[in-house]
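The next block holds one structure in the form of structure tokens; read it before the comments.
A note on names: the letters A, B, ... follow the listed sequences, proteins ahead of strands, and every chain is numbered from 1.
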There are 2 protein chains.
Amino acid sequence: MIESRERQRRKRGSLSAEEIVDAALRILDDQGEDSLTFARLGTTLGSAPTAVYRHFASRDDLLNALGDRLDAISLAGYAPTDEWRTDLEDLAWRAWRVAIAHPAASALAMSRITNGVNELRAVDAILRALERAGIRGREAVLQYQVYANIVVGSAAGHGARLSGRGEPRTPEGWVQAYTPTDPTLYPYAEALKSELRLIDYETVFAKHIEMYLDALAVLADRADAAD
Amino acid sequence: MIESRERQRRKRGSLSAEEIVDAALRILDDQGEDSLTFARLGTTLGSAPTAVYRHFASRDDLLNALGDRLDAISLAGYAPTDEWRTDLEDLAWRAWRVAIAHPAASALAMSRITNGVNELRAVDAILRALERAGIRGREAVLQYQVYANIVVGSAAGHGARLSGRGEPRTPEGWVQAYTPTDPTLYPYAEALKSELRLIDYETVFAKHIEMYLDALAVLADRADAAD
DNA sequence: ACCTGAACACCGTTCAAGT
DNA sequence: ACCTGAACACCGTTCAAGT
């Protein structure tokens with residue numbers, strides 16, 4: 001039997017930006033946040049590492065494309081309704097689920113401004129919901145930013161936690177170290193130390209979204225009254 | 001004249017963790033997010049690059065110490081009052097100002113869980129304010145997380161923008177690219193394109209904090225009523 | 001036009017040797 | 001005990017050469 005370790009030459013035009021992003025996502029899913037290198041991309045693609053440069057100007061450029069891919073995954077099958085709150089809740093949890101499905105990629109690329117098509121689709125979907133809440137103009141752009149801040153920040157952070165060099169996971173939540181040298185200096189933290197040790201970030205996210213949408217509902221009511 | 005390019009040998013014990021973090025902060029302030037390397041640390045410290053390993057186990061470990069330093073800078077001169085809202089506003093803007101003063105360091109280290117003393121001081125200060133708002137127990141820990149999420153996420157993101165490979169700055173705000181191939185596909189974004197192009201992130205932050213504290217005030221009133 | 005492979009200028013980290 | 005310097009196993013990126 002002949003072991004053919006030699007890689008076959010890639011036919012010209014057989015490599016595409018899409019296939020490269022596929023490979024990047026797979027590598028990150030399997031091997032974590034630090035695993036995405038040109039060498040590994042080459043191995044996964046069956047090409048020379050440098051072939052990637054024919055399709056992306058740099059690693060940074062590739063990460064932006066990966067970010068737009070995450071937006072695409074997040075929006076897949078999304079259908080807006082007539083309820084702005086339903087839509088903003090839906091979109092928020094979609095981002096959260098992407099962070100769980102692709103933690104390393106989310107940590108690396110989710111909080112990037114990609115200027116990609118799918119990012120634009122997301123912006124448009126959010127502005128549509130805000131419009132239905134009666135929030136328009138500059139206020140809508142402000143609220144879009146606040147909403148995106150919460151959702152993207154929380155999801156990317158969760159990805160970093162899941163993929164990461166972070167603290168070890170426990171069934172109930174996340175172990176957070178609390179071991180002060182002199183506890184009397186931090187009485188409020190000391191009083192809550194057992195609660196601080198176990199934080200369930202999904203509950204935090206749910207609460208955060210709920211609070212924000214409640215606050216938005218107040219603005220929506222005011223906008224209604226002004227109509 | 002004799003040019004002495006040779007570095008003098010560091011006396012033993014003359015290097016400290018604090019001095020190394022000083023140097024790291026200075027390098028990042030002067031040369032940006034990608035500039036922090038062991039080689040440059042060595043040059044700045046007048047030591048061999050590897051001397052740093054005597055005080056930090058890894059680059060990651062050093063970045064955690066840098067994160068705690070940012071917390072220290074943020075809290076310098078902080079004095080709590082009897083008004084929980086004043087305190088939470090103060091702490092939020094302190095983080096924002098640190099991001100402006102040290103953008104690259106903030107982008108790299110601000111959103112880390114450092115387990116440092118100054119992080120604990122910040123946690124305690126926030127829990128104190130929440131307690132004065134009548135928010136206690138598990139709810140306090142949840143609200144601490146939500147608040148920290150907003151503040152640290154916004155500030156670290158602002159640092160990344162200021163230090164970064166981001167979009168070019170304009171006097172009024174930040175230029176965000178909006179150049180869709182078919183604008184009719186994104187009607188809501190299209191309608192707000194001029195607003196989307198100019199985003200003032202400080203106004204977004206101010207709005208975000210204000211909304212959150214308003215929402216917290218509602219919880220505080222409910223807690224008062226329950227007393 | 002697209003892919004390859006050698007070369008370049010780095011990087012973080014390890015470790016035996018100095019003082 | 002702490003600092004040094006050589007060595008190691010990588011990195012992203014450039015570029016001339018192949019097909």
- Hey, which of these two, Y53(B) or R54(A), hits DNA chain C nearer its 5' end, going by closest nucleotide?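 The 5'-side residue here is R54(A).
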
- Message: If you assign A39(B) and R9(B) each to the DNA chain C nucleotide with the nearest heavy atom, which residue ends up on the more 5' nucleotide?
- Response: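 Its nucleotide being nearer the 5' end, the pick is A39(B).
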
- Message: I want to confirm an ordering. Mapping T50(B) and T37(A) to their closest nucleotides on DNA chain D, which one lands closer to the 5' end?
- Response: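 The residue whose closest nucleotide sits nearer the 5' end is T50(B).
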
- Task: Report yes or no: is the cationic atom of R161(B) (NZ for Lys, CZ for Arg) closer than 6.0 Å to the six-membered ring centre of Y201(B), at no more than 45° off its axis?
- Result: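 Yes; both conditions hold, so R161(B) lies above the ring face of Y201(B).
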
Any donor-acceptor pair under 3.5 Å linking the side-chain atoms of [Y] with those of [X]?
X: T184(B); Y: D182(B); value: yes
X: Y144(A); Y: E195(B); value: no
X: D30(A); Y: S35(A); value: no

- Query: So how far is it from L75(B) CG to L91(B) CG, rounded to the nearest 0.5 Å?
  - Reply: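 Here the rounded value is 6.5 Å.
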
- Base paired to dT19(C) (Watson-Crick or G-U; both N/O distances under 3.5 angstrom):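 WC or wobble partner is dA1(D).
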
- Query: Taking any strand in view, what nucleotide pairs with dT13(D) in a Watson-Crick or G-U wobble way, both distances under 3.5 Å?
  - Reply: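 WC or wobble partner is dA7(C).
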
- Message: For D68(A), run the side-chain contact (heavy atoms from CB on, under 4.5 Å) check against T114(A), L120(A), V21(A) and tell me which one passes.
- Response: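 With D68(A) as partner, T114(A), L120(A), V21(A) yield a single side-chain contact (heavy atoms from CB on, under 4.5 Å), made by T114(A).
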
- Query: With a 4.0 Å cut-off, would you call D87(B) and R128(B) a salt bridge?
  - Reply: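 The answer is yes: the pair qualifies as a salt bridge.
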
Would you classify [X] as touching base, sugar-phosphate or nothing, given that sugar-phosphate means primed atoms plus P, OP1 and OP2, and contacts are heavy atoms under 4.0 Å?
X: L36(B); result: sugar-phosphate
X: L41(A); result: nothing
X: S47(A); result: sugar-phosphate

- Could you check which residues of residues 10-26 of chain B get a heavy atom under 4.0 Å from DNA chain C? Sort them by number, please.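 Residues of residues 10-26 of chain B under 4.0 Å from DNA chain C: none.
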
- Task: Check whether more than 12 heavy atoms from other residues, nucleotides or ligands sit under 6.0 Å from atom CD of E18(A), and answer yes or no.
- Result: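 No, not enclosed.
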
- Message: Measuring centre to centre across the rings, with the benzene-like ring taken for any Trp, is F38(B) within less than 6.0 Å of Y53(B)?
- Response: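 They qualify: ring centres under 6.0 Å apart.
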
- Please list, in 5' to 3' order, the outermost nucleotides of DNA chain C lying under 4.0 Å from any heavy atom of chain B.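 Answer, 5' to 3': dC11(C) to dG18(C).
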
